[in-house]
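Taking it in order: structure first as structure tokens, then the write-up.
Counting convention: from 1, in listed order, for ligands and their atoms alike.
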Amino acid sequence: MSAASLYPVRPEVAAQSLTDEASYKALYQQSVVNPDGFWREQAARLDWIRAFTTVKQTSFDDHHVDIKWFADGTLNVSANCLDRHLEERGDAPAIIWEGDDPSEQRTITYRELHREVSKFANALRGQDVHRGDVVTIYMPMIPEVAVAMLACARIGAVHSVVFGGFSPEALAGRIIDGNSKVVITADEGLRGGKKVPLKENVDEALTNPRTRCVQKIIVVRRTGGDIKWNQHRDIWYDELMHVAGEICAPKEMGAEEPLFILYTSGSTGKPKGVLHTCAGYLLYVSLTHERVFDYRPGEVFWCTADVGWVTGHSYIVYGPLANGATTLMYEGVPNYPDVTRIAQIIDKHKVNILYTAPTAIRAMMAEGSAAVEGADGSSLRLLGSVGEPINPEAWHWYYETVGKSRCPIVDTWWQTETGGILISPLPGATALKPGSATRPFFGVVPGLVDNLGNLLEGAAEGNLVILDSWPGQMRSIYRDHDRFVDTYFKTFRGMYFTGDGARRDEDGYYWITGRVDDVLNVSGHRMGTAEIESAMVAHRKVAEAAVVGVPHPVKGQGIYVYVTLIHGEEPTDQLRQELQQWVRKEIGPIAVPDTIQWTTGLPKTRSGKIMRRILRKIATDDFDSLGDLSTLADPGVVQQLIDTHKAIQ
Ligand code: ATP
Ligand code: MG
């Protein structure tokens, strides 16, 4: 590939930022040489009820995987996110909420949020919810979702947030897995001007006999639409709040008591119920939110993820609120009422930091510059990306068109399992290379291993592992510790295996190449999907591309690419040849696609990630065993892809 461009830290950015190059190096060094000392010091950013005496007690030994941080300390997560800010920042906005309809908005101060959370915590107690009970939250993106999460944390209940776009079956599965006592939902959600029948979906989920664990459904009134009501089981949120007391002492929780369960996106298979605990998680998301986004008091931080994903947990709710920040929560979708919505929200609320996903960036990019037409954008200071590798082409578009070549981009690599960001630039410390997540965060020791588990030194490419624990790490798969050990610690013994592949360059920068299950082996050359896809997307007519390997009689594996074109471009045989030539020039003959299938859509998870495992099956005519499709955003796209695939064979 052509030499990567380098964007050095501009002196004025370094001067204003919390971490410059020298302090990154010094702190990073300290964090890995003496993790106990480093994290002991950092832990002072939280309010503890009982001080801890031990810091790190962790083992990656596959016979005895055990991860504990600050084990004898106690604290309460909601008190850290709310109570301690009241004195200084009680009247500052905690949440700015922007409705699906541009005319709707709310601002909730820390004092107001504290009151709502305390009341709802009392209400939950009144419904017999106790420490350790699992509460399922199936809600739209409205402030009450944060109230519900923090209220659980306040009384020591464990929340399990299920994305509001999931089907009744997917919801039932997660309710059953958590043995949940209470479900919190809304009458209906609103997304892109359409109503989402949330309560009806819960009713349907609860027809599954294995959901008998559920005793109550608490319903927030969002649209006022007609819903069915079960007198014995359903309760209105506002009626509970009307009578709830305003004072609720936060429960003293052990550092290692569960805070939440959250299921992974399901890109590679059946979602896993990831368990996070109180102290280590909160410390890690708070520190990463401050340092990666270089957050300064008073700034407006907007993470566009849904709270149903880990990104929403860590960087809409817990990280920002632990830091006393103002977090923007948006109810709707990026292109409603039209493609300029993101830019309009930025201007309206003077957003300083925007954190979004490559899928959203590519969708805006496909419209040319229409997405920012008429927008000012001058409040923006920093941009972030998460969820998939960001193709350099999309990076440049984001940098130039959204950030006006002024705002650094933090490409943050992490997982549901990791709790918070593990590899990312720090804006004042790290020169950027488009497409690279760059360097590890404090306390994170990444490694690359070959397929036998041998550690690779220097510039290399291999399986991405993490060699030692960090406080935000998941502790287990809920009620299935064996699956936890098998999934993450057995492939390469003594190491946490991420499932991703990566390349480390001569500067020690990491480039995520994609899922290792998706790696291609063409005539003996191993290639990540990200590199070929990025080359395709770099062509000005291509909006999105997904690459999979298919059996090939000579090369072992051939390259099959699904391509969507920029708005208004025509798929022709000539363009197909042009794209093949293009890849030959960009990467080399080895990467030239054997087949290009045009499509108007790709199968994506609800969180916007391309599901290559489905594409692989389609490309190899294996239509009958497509696997778990429950996390798919638009199931209709699969049949279309199968039909077009058959037509070109
Ligand atoms: P499942 O584990 O159920 O298959 P998933 O891996 O998509 O689902 P998440 O935890 O939401 O579930 O996603 C984490 C994955 O997303 C990472 O392992 C990586 O593949 C990808 N990812 C996230 N951020 C980045 C990034 N900045 N660059 C490259 N890849 C990223
Ligand atoms: Mg995963």
Item checked: Validation row: Y24, F442 side chains within 4.5 angstrom (heavy atoms) -> yes
Item checked: Electrostatic pair D518-R616, nearest N-O below 4.0 angstrom -> yes
Margin query: Cation-pi check for Y510 against R439: NZ or CZ below 6.0 Å from the six-membered ring centre and within 45 degrees of the axis, yes or no?
Written below: no
Next item on the list: Decide whether a cation-pi geometry holds between R504 and Y509; the criteria are a distance under 6.0 Å from NZ or CZ to the six-membered ring centre and an angle within 45° of the ring axis.
Entry: no
Note to self: Taking A543's backbone N and O only, do any of them form a donor-acceptor pair with T564's side chain (distance below 3.5 Å, no angle check)?
What the structure shows: no
Next item on the list: Under the side-chain contact (heavy atoms from CB on, under 4.5 Å) rule, collect the residues that match up with T513, sequence neighbours excluded.
Entry: E461, R503
Show the distances, to 0.1 Å, for all pairs joining an N/O atom of ligand 1 and a protein N/O atom that are shorter than 3.5 Å, listing one pair per line.
from     : atom 1 : to   : atom 2 : distance (Å)
ligand 1 : 2 (O)  : K272 : NZ     : 3.3
ligand 1 : 3 (O)  : T264 : OG1    : 2.6
ligand 1 : 3 (O)  : G266 : N      : 2.7
ligand 1 : 4 (O)  : S267 : N      : 3.1
ligand 1 : 4 (O)  : T268 : N      : 2.6
ligand 1 : 4 (O)  : T268 : OG1    : 2.5
ligand 1 : 6 (O)  : R515 : NH1    : 2.6
ligand 1 : 7 (O)  : S267 : OG     : 2.4
ligand 1 : 7 (O)  : R515 : NH2    : 3.0
ligand 1 : 8 (O)  : S265 : N      : 3.4
ligand 1 : 8 (O)  : G266 : N      : 3.1
ligand 1 : 8 (O)  : S267 : N      : 3.2
ligand 1 : 10 (O) : T416 : N      : 2.8
ligand 1 : 10 (O) : T416 : OG1    : 2.5
ligand 1 : 11 (O) : S265 : OG     : 2.6
ligand 1 : 12 (O) : S265 : N      : 3.3
ligand 1 : 12 (O) : S265 : OG     : 3.3
ligand 1 : 13 (O) : K609 : NZ     : 2.9
ligand 1 : 16 (O) : G387 : O      : 3.2
ligand 1 : 16 (O) : K609 : NZ     : 2.9
ligand 1 : 18 (O) : Q415 : NE2    : 2.9
ligand 1 : 18 (O) : D500 : OD1    : 3.3
ligand 1 : 18 (O) : D500 : OD2    : 2.7
ligand 1 : 20 (O) : D500 : OD1    : 2.8
ligand 1 : 20 (O) : D500 : OD2    : 3.0
ligand 1 : 20 (O) : R515 : NE     : 3.4
ligand 1 : 22 (N) : G387 : O      : 3.2
ligand 1 : 24 (N) : G387 : N      : 3.0
ligand 1 : 27 (N) : D411 : OD1    : 2.8
ligand 1 : 27 (N) : T412 : O      : 2.7
ligand 1 : 28 (N) : E388 : O      : 3.3
ligand 1 : 30 (N) : P389 : N      : 3.4

